Each structure stands twice: as C-alpha cells, then as structure tokens.
Amino acid sequence: MAPPLYPRHLRPRLDEALGDTPVVLLNGPRQSGKTTLVQQFADGAGRRYLTLDDAVTLLSAQDDPV
C-alpha cells in the first residue's frame, strides 16, 4: 500500500494559470513532487501530461512546436 500524499497548496494556482494559458511550466528542485503533482492534476482534470524526458515527445516538439 502506498503512503498517503501530502495536499499541495499550489494546485489552485495551477488551475488559475491553465485557465488562460494552454501550457504552464512547473519548475522546482529535484525530487520535490513536481511530476507527482502534475500527473495527479492532469488525471483529475482530464488533461494530458507530457514530458520532454521522453525522446519521441521531445523530437515531436522540436519538429513542430505547435
């Protein structure tokens, strides 16, 4: 069983930022929970989570940024 996750107070600000901007950068120190937060947020809101750590996604973004 996975341990419970801490509530993130940043979540409402992500909602607000995505209200008028299609892409939002979440930046912070390593292992601070950025990926976990964004994946949970995307799943709960029906949004897609993409990472440029994936080679295919990175190439796609470089070939056609739109």
Side-chain angles (χ1 to χ4, degrees):
M1 183 172 168
L5 299 175
Y6 294 105
R8 299 296 183 147
H9 303 291
L10 183 63
R11 196 171 175 142
R13 298 201 55 191
L14 279 176
D15 238 348
E16 180 183 345
L18 286 166
D20 63 1
T21 307
V23 176
V24 173
L25 171 68
L26 181 61
N27 192 19
R30 294 182 64 230
Q31 297 187 336
S32 62
K34 298 178 302 291
T35 299
T36 301
L37 172 64
V38 172
Q39 286 175 335
Q40 288 177 333
F41 186 80
D43 287 345
R47 292 189 166 100
R48 290 189 327 168
Y49 165 75
L50 300 173
T51 177
L52 297 180
D53 291 334
D54 176 61
V56 174
T57 304
L58 177 59
L59 283 173
S60 178
Q62 289 171 335
D63 288 344
D64 183 11
V66 176

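Note that the structure is predicted; figures quoted are calculated from it, not measured.
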> To the nearest 0.5 Å, tell me how far T35 OG1 sits from R30 CZ.
11.0 Å

> May I ask whether V38 and L52 are part of the same hydrophobic cluster, defined by side-chain heavy atoms of I, L, V, M, F, W, Y residues being less than 4.5 angstrom apart, directly or through others?
no

> Can you name the closest pair of heavy atoms from Q40 and R11 and give their distance?
O-NH2, 3.9 Å

> Can you name the nearest heavy-atom pair linking P29 to K34, along with the distance?
O-NZ, 2.7 Å

> Heavy-atom count check: over 12 atoms from other residues, nucleotides or ligands less than 6.0 Å from Q62 CD?
yes

> Between V23 and T21, what is the shortest heavy-atom contact and its length?
O-CG2, 3.1 Å

> Measure the CG-CG distance between L10 and L14 for me, rounded to the nearest 0.5 Å.
4.5 Å

> Would you compute the distance between atom CG of L58 and atom CG of L50 and round it to the nearest 0.5 angstrom?
11.5 Å

> Looking at Q39, I want to see if its CD is surrounded by more than 12 non-hydrogen atoms of other residues, nucleotides or ligands under 6.0 Å.
yes

> Which distance, rounded to the nearest 0.5 Å, do you find between the OG of S60 and the CG of D54?
9.5 Å

> Would you say R47 has more than 12 foreign heavy atoms packed within less than 6.0 Å of its CZ?
yes

